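Everything quoted here is computed from the prediction, not taken from an experiment.
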Amino acid sequence: CAILGILLTLVFANININKKNDSKINTLHINPVIKKNKKYVFDDINQVYYYLCKDNPLKHDYIPHDLTLFKNNSLRHEYLRKEANIALEKLFSESEHAGYPLLLVSGYRSYDYQVKLYNEYLKDNTAEELAKIDDLPGKSEHQLGLAVDLADKEQNYVLKKTFRETKTFNWLYQNSYKFGFILRYPKDKENITGYMFHPWHFRYVGKALAREIYDSGLSFDEFVDKNK
């Protein structure tokens with residue numbers, strides 16, 4: 001608990017809200033033509049590509065039915081949905097082989113646990129400030145068992161905004177989609193996602209969708225909006 005408290009303090013202390021008025025983001029792999037795609041049902045909570053945002057919070061008693069223990073490097077005993085767990089094991093193996101060892105800092109979190117985190121944050125921050133992080137009860141993808149917070153050796157396995165400047169982050173950004181993961185809250189997309197940039201937060205959506213999102217250059221929110 002003490003370690004978790006320190007980590008949470010460091011996470012929040014390092015959060016920096018960067019607002020830019022740049023309305024056009026140049027991304028090398030952007031495909032300007034986005035076709036409607038009906039093969040994904042984004043409102044089916046049983047699917048790994050379920051779309052969660054502030055407008056459709058999870059019920060307090062929602063618990064994924066297939067949570068399994070992650071047996072690779074993790075801060076504590078962390079659980080994920082089975083499919084995401086298997087994919088993360090493969091990603092960790094490949095990242096280790098590439099020279100970028102990772103640590104899973106956080107996986108599944110229950111609604112009640114999110115409430116505890118939120119109340120702790122409220123002691124030092126306003127509700128308005130907290131609305132820009134992804135730890136809101138019922139609105140956190142961690143409750144889906146499909147979100148992971150990742151840290152690396154270069155950052156002493158602590159979640160920090162400077163993670164985006166590391167070689168590990170660059171490797172993750174360029175390769176995580178191959179394992180079904182996407183960077184959920186990208187930089188310069190805060191006004192779209194509703195949350196500040198989280199370089200450590202990746203979401204499992206399955207290989208096929210992850211590749212499509214990566215190739216499009218869009219955030220998950222934008223992709224869903226164009227493919228309803």
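Of all heavy-atom pairs spanning Gly217 and Lys189, the tightest one is O-NZ, 4.0 Å. Shortest non-hydrogen contact noted between Ala87 and Tyr204 is CB-CE1, 3.5 Å. When every heavy atom of Leu150 is checked against every heavy atom of Phe202, the shortest pair comes out as CD1-CD1, 4.2 Å. Closest approach of Ala151 to Val105, counting heavy atoms only: CB-CG2, 3.7 Å. Between Leu91 and Trp171, the shortest heavy-atom contact is O-CH2, 4.1 Å. Heavy-atom minimum distance, Ser140 versus Arg109: OG-NH1, 4.5 Å.
The shortest side-chain heavy-atom distance between Leu102 and Asn73 does not fall under the 4.5 Å cut-off. Between Lys167 and Tyr100, the closest side-chain pair of non-hydrogen atoms falls below 4.5 Å. Counting only heavy atoms from C-beta outward, the side chains of Leu218 and Lys226 approach each other to under 4.5 Å.
A donor-acceptor pair shorter than 3.5 Å cannot be found between the side chains of Asp221 and Thr193. A donor-acceptor pair shorter than 3.5 Å cannot be found between the side chains of Asp149 and His198. Using a 3.5 Å distance cut-off with no hydrogens or angles, the side chains of Lys178 and Asn175 do pair a donor with an acceptor.
Summarising the geometry, atom OG belonging to Ser219 is positioned 9.0 Å from atom CG belonging to Asp225; distances are rounded to the nearest 0.5 Å. Rounded to the nearest 0.5 angstrom, Lys71 NZ and His77 NE2 are separated by 11.5 Å. The line from CG of Asn227 to NZ of Lys39 is 10.0 Å long, rounded to the nearest 0.5 Å. For the atom pair Thr168 OG1 and Asp152 CG, the distance stands at 3.5 Å (nearest 0.5 Å). With rounding to the nearest 0.5 angstrom, the CD atom of Glu78 is 9.0 Å from the NE2 atom of His142. Atom CG in Asn85 sits 3.5 Å away from atom OG1 in Thr68 (nearest 0.5 Å).
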| said: Test side chain to side chain contact (heavy atoms under 4.5 Å, CB included) on Val148 and Leu88; report intermediate values, then the result. | reply: CA-CA 9 Å; Val148 293; Leu88 191 65; 3.9 Å; yes
Passes side chain to side chain contact (heavy atoms under 4.5 Å, CB included), Glu83 versus Asp66? Steps please. CA-CA 9 Å; Glu83 185 178 331; Asp66 58 348; 5.7 Å; no
Before giving the answer on salt bridge (Lys or Arg N to Asp or Glu O under 4.0 Å), spell out for Lys123 and Glu120 the whole-Å C-alpha distance, their side-chain angles and the decisive distance to 0.1 Å. CA-CA 6 Å; Lys123 293 178 181 178; Glu120 282 296 316; 3.0 Å; yes
Report task. Go through the steps to decide whether Glu190 and Lys132 satisfy the test salt bridge (Lys or Arg N to Asp or Glu O under 4.0 Å), and finish with yes or no. Result -> CA-CA 8 Å; Glu190 290 89 345; Lys132 297 174 182 177; over 6 Å; no
Problem set entry | Residue pair Lys161, Phe197: steps toward the side chain to side chain contact (heavy atoms under 4.5 Å, CB included) verdict | CA-CA 8 Å; Lys161 65 182 180 64; Phe197 174 44; over 6 Å; no
- Test log, rule side chain to side chain contact (heavy atoms under 4.5 Å, CB included), inputs Ile86 and Lys82: CA-CA 6 Å; Ile86 293 172; Lys82 185 176 181 179; 4.2 Å; yes
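A donor-acceptor contact shorter than 3.5 Å is absent between the side chain of Glu141 and the backbone of Cys53.
With sequence neighbours excluded, the residues satisfying side-chain contact (heavy atoms from CB on, under 4.5 Å) with Asp43 are Val41. Remark: Tyr177 engages Tyr214 in a ring-ring contact (aromatic ring centres under 6.0 Å, His included) (not counting sequence neighbours). Scored by the ring-ring contact (aromatic ring centres under 6.0 Å, His included) test, Phe179 finds no partners at all (sequence neighbours excluded).
Asp215 and Arg211 are joined by a salt bridge, as a carboxylate oxygen and a charged side-chain nitrogen come within less than 4.0 angstrom of each other.
Taking the centre and axis of the six-membered ring of Tyr195, the NZ or CZ atom of Lys54 falls inside the cone set by 45° and 6.0 Å.
In this structure, Tyr173 and Phe169 have parallel ring planes: the angle between them is below the 30° cut-off, well short of the 60° mark.
Chaining together hydrophobic side chains whose heavy atoms lie under 4.5 Å apart places Leu67 alongside Ile63, Leu69, Tyr79, Tyr108.
Sorted by first and then second residue, the side-chain hydrogen bond (donor to acceptor under 3.5 Å, both in side chains) pairs with a member in residues 87-97 read Asn72-Glu89; sequence neighbours excluded. A ring-ring contact (aromatic ring centres under 6.0 Å, His included) check over residues 46-70, counting only residues at least two apart or in different chains, returns the pairs Tyr40-Tyr49, Tyr51-Phe220, Phe70-Phe92.
When hydrophobic clusters are built by joining Ile, Leu, Val, Met, Phe, Trp and Tyr residues whose side-chain heavy atoms come closer than 4.5 Å, directly or via intermediates, Ile192 is not grouped with Ile182.
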